> 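If you scroll down you'll find the structure; I have some questions about it.
Note on naming: letters A, B, ... go to the chains in the order of the sequence lines (proteins, then strands), and numbering restarts at 1 for each one. Given the structure is predicted, the values throughout are model-derived calculations rather than measurements. These numbers come from the heavy atoms of this one structure, side chains and all, not from hydrogens, waters or symmetry mates.
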Number of protein chains: 4
Amino acid sequence: MNTPNEQRRSERSRQAILDAALDLCRERGLARTTVEEIAKRAGVGKQTIYRWWGSKAAVVEEALNERVITTTDFPDTGDLRADLRTQMAIIAQAFDSVEFAPYASLIAAAQDDPEVAESVRKNMIEPRVHACEERLRRGQEQGQLRTDVDVAEVVEFLYAPLYYRLLLRTRPVTLEQVDHVLDAAFRGVAPVRDDGSPR
Amino acid sequence: MNTPNEQRRSERSRQAILDAALDLCRERGLARTTVEEIAKRAGVGKQTIYRWWGSKAAVVEEALNERVITTTDFPDTGDLRADLRTQMAIIAQAFDSVEFAPYASLIAAAQDDPEVAESVRKNMIEPRVHACEERLRRGQEQGQLRTDVDVAEVVEFLYAPLYYRLLLRTRPVTLEQVDHVLDAAFRGVAPVRDDGSPR
Amino acid sequence: MNTPNEQRRSERSRQAILDAALDLCRERGLARTTVEEIAKRAGVGKQTIYRWWGSKAAVVEEALNERVITTTDFPDTGDLRADLRTQMAIIAQAFDSVEFAPYASLIAAAQDDPEVAESVRKNMIEPRVHACEERLRRGQEQGQLRTDVDVAEVVEFLYAPLYYRLLLRTRPVTLEQVDHVLDAAFRGVAPVRDDGSPR
Amino acid sequence: MNTPNEQRRSERSRQAILDAALDLCRERGLARTTVEEIAKRAGVGKQTIYRWWGSKAAVVEEALNERVITTTDFPDTGDLRADLRTQMAIIAQAFDSVEFAPYASLIAAAQDDPEVAESVRKNMIEPRVHACEERLRRGQEQGQLRTDVDVAEVVEFLYAPLYYRLLLRTRPVTLEQVDHVLDAAFRGVAPVRDDGSPR
DNA sequence: TGATAAACGAGACGGTACGTCCAGTCTTCTG
DNA sequence: CAGAAGACTGGACGTACCGTCTCGTTTATCA
């Protein structure tokens, strides 16, 4: 892009584009949404979209980041498992709602487009993963998490099952799932010995 | 489709189409692969593709199922954790290889196309999930797995982290990851009490 | 063509093909008729058509020649003008009927296909033109036609106006037109009286 | 068509399309010319053709009307027969030249496509026929043509033989033919002198 | 407080691919 | 072995969008 003048940018058009993109993406997914439709629904020229974004995926990414998941903060009440539950419950609810469906489309779009992948990773996933990692690290320091595990892997361990259901749609993401994941993660699935210690 | 005569089908064309689709999908992803290219590379008329498959995704699905992951069997040596490691190591290796890249594209295509989603779930995921579930159930009966966990959720718990890395590409799927996942899953991430029992 | 065995040819299929071709051509013109349709309507394999004819136009030509204009004879009662009127009236009636519409399609097809043009000229037009020319020549010998005109041009002079309306469809070909054409033509080509007044 | 904005139309593309269409039509006839070829040779998107014309025939019609027969005027020197000869000679020369071949293709296309027929009649034939009719009427008033003939039929009588040869290609359209036609026609339609002999 | 330059809406443009229709050929099975 | 059935390769169809490119028309600083 030849970097147009940001100050002259029309905020009204920008908002209309984000709205239209998000709505269309909810109605039929990103793959079935065209730039032409977004422009028409937003009452905007196509060029205005191409001027400010690199692709329709970039529009949706910005829309999601600005409208749907607006925070990267992680709660810290001192009780790690409770805080994880709080946070994961929010994500679970989101993953289960139609409002959030464009996120799955976005991850899909990232599969065959390295630029989108890079952007989603950097702007959507990493900030939130880092916030979680830091919370886990604090829990680790406070003896609420084993010290011989990699917090980055724990994040995966906890959130991957939610992504699994979001993307494979084998069954819906629920609060119950969050509890079972936390349970399995914290206690492990190995059978317990007579003395109560893990096998 | 108006169901053409299966018996008159040309096996040679079928194979050429599967080959071409898989190759193109590896080179640039399913989204950037066109039916026209597949036809041209396979030396086939487009109609022959449309006659037998509903979409390019369906072609790739059949190709993957017939060429890349050809078995749904699950090992059973009597040692559950060892068998899981064996099986997960195969998957990890696959998820990390270029040969297998079309699978991620396929899951992406499924996001905004319910027919593809349905088909992938039914023909690719479920058979393998069921095999794993059965193995877990046998392990459960033999006291190698807690009896108060849902085996379906354990499958997710184990494989979701692999899918997470496959689809979000935060880092590569490795054999090390498999070990860490199994470790965390079997032991749990909670710190161990002084008496050695879980918290 | 590799000249298949004429004796084994199925007359039943041949008739069905001619019928189907003629009907379809009447319904929507030759240009909008496909070989596939002809085959299907005739209950015949496409190959059977390609085996015996070089093009759909060839089929229609044969059908017309065998079903619609079955004779090249020219009447000869001794009165040239009356005979011309008899013959032209038949043509006019044909040119004005739907039954005959495929003939216009055929001439159209001949415009951009030299093979069709050649065949139509040779098999449809020339025999009838020659018959007319001969009748004109006999009339010439009997003093019913000026001797300094080229009979070939007289044929054109008489029939061209019918073709003009058939192909440009400015207005329908009628019996009245035939009379007007004959009237105009004969005052022009009639031999001169002894006193030098118009023939 | 949903009537796009005429003012934004690219004249350069329009000219390139007319040129390409005319050339291709001369090389192999309209029936063997594809919209795709026209677009490619004109360096134009197919949509640009479909946006402004209803069919390839419409393109050729416009091209012919704008490039090849650019006038509908009819000469009037006071001598009807001489003026007819002048005008018919132009037509004869055109009908005999390769430049003009697309006209025959166009009439062919009109046979099985009522829209093309309608348009050719209205935009190509009628204006010229009317001009000729008016000239004939003036001649009629000046005693150069019998008053009991329908000028519309005289037009047919004169031009039909040229069309006959153009479309049936039994032999080439020549200046000699024009003279013979005029000769035959005028002896027929010329008013009779006082003494009863032809004028 | 114009003027002036950028962003804007509109949408035509050159292109690519779509999914469909047929052409003409090839293959398999039936009478 | 001719024929019916119909799958095959291939090419063009007419359409949908892509991303780019003019066009006037707002709109918002600066002279």
> If a protein heavy atom is under 4.0 Å from the base, mark B; if only from the sugar-phosphate, S; if neither, -; do that for nucleotides 19-24 of chain F going 5' to 3'.
BBB-B-
> By nearest nucleotide on DNA chain E, pick out whichever of A:S10 and D:S13 is the more 5' one.
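Its nearest nucleotide lies further toward 5', so the answer is A:S10.
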> Return the value, rounded to whole Å, for the distance between atom NZ of A:K40 and atom P of E:dG11.
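Computing the A:K40:NZ to E:dG11:P distance gives 8 Å.
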> Taking only N and O in the side chain of C:W52, is any of them less than 4.0 Å away from OP1 or OP2 of F:dG3?
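Result: yes.
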> Under 6.0 Å from the CZ atom of C:R9, do we count more than 12 heavy atoms belonging to anything else shown?
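Atom CZ in C:R9 is crowded, with more than 12 foreign heavy atoms closer than 6.0 Å.
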> When you check the phosphate oxygens OP1 and OP2 of F:dA7, does a side-chain N or O of B:T48 lie under 4.0 Å from one of them?
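For F:dA7, OP1/OP2 do not have a side-chain N/O of B:T48 under 4.0 Å.
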> For B:R41 and E:dA17, give me the distance from atom CZ to atom C1', rounded to whole Å.
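Whole-Å distance recorded here is 17 Å.
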> Can you confirm whether C:E115 is buried at CD, in the sense that more than 12 heavy atoms of other residues, nucleotides or ligands lie under 6.0 Å from that atom?
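Not buried by this count: 12 neighbours or fewer within 6.0 Å.
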> Flag the pair C:E66 and C:R14 as a salt bridge only when some basic side-chain nitrogen lies within less than 4.0 angstrom of an acidic carboxylate oxygen.
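A salt bridge links C:E66 with C:R14.
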> In whole Å, what is the span from the CD atom of D:E115 to the P atom of F:dG14?
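Atom CD in D:E115 sits about 12 Å away from atom P in F:dG14.
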> Using heavy-atom distances to pick each residue's nearest nucleotide on DNA chain E, tell me which of C:T33 and D:R12 is more 5'.
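The 5'-side residue here is D:R12.
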> For D:L24 and F:dA12, what is the distance between atoms CG and P respectively, to the nearest whole Å?
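To the nearest whole Å, that distance equals 12 Å.
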> Without decimals, in angstroms, what is the distance between D:R9 CZ and E:dA12 C1'?
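The distance from CZ of D:R9 to C1' of E:dA12 comes to 11 Å, rounded to the nearest Å.
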> Do the non-hydrogen side-chain atoms of B:E6 and B:W52 ever get within less than 4.5 Å of each other?
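In contact.
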> Send over the distance from C:I49 CD1 to E:dC26 P, rounded to a whole Å.
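Between P of E:dC26 and CD1 of C:I49: 18 Å.
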> Does D:D113 use its side chain to pair, donor to acceptor, with the backbone of D:A109 at less than 3.5 Å?
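Side chain of D:D113 to backbone of D:A109: no pair is present.
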> Between atom CG in A:L30 and atom P in F:dC17, what is the gap in whole Å?
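From A:L30 CG to F:dC17 P: 14 Å.
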> Establish, with yes or no, whether the OP1 or OP2 oxygen of F:dC8 is under 4.0 angstrom from a side-chain nitrogen or oxygen of B:R51.
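Yes, within the criterion.
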> Just N and O in the side chain of B:T34: are any of them under 4.0 Å from OP1 or OP2 of E:dT16?
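No, B:T34 has no side-chain N/O under 4.0 Å of OP1/OP2 on E:dT16.
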> May I have the list of side-chain donor-acceptor pairs in residues 39-47 of chain A shorter than 3.5 Å, sequence neighbours left out?
{"unit_1": "A:R41", "atom_1": "NH1", "unit_2": "A:E27", "atom_2": "OE2", "d": "2.8"}
{"unit_1": "A:R41", "atom_1": "NH2", "unit_2": "A:E27", "atom_2": "OE1", "d": "3.3"}
{"unit_1": "A:K46", "atom_1": "NZ", "unit_2": "A:E36", "atom_2": "OE2", "d": "3.0"}

> Within this structure, what is the CD-to-P distance between D:Q7 and F:dT25, rounded to whole angstrom?
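Spelled out: CD on D:Q7 to P on F:dT25 is 10 Å.
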> Charged N to carboxylate O under 4.0 angstrom, D:E37 versus D:R28?
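The answer is yes: the pair qualifies as a salt bridge.
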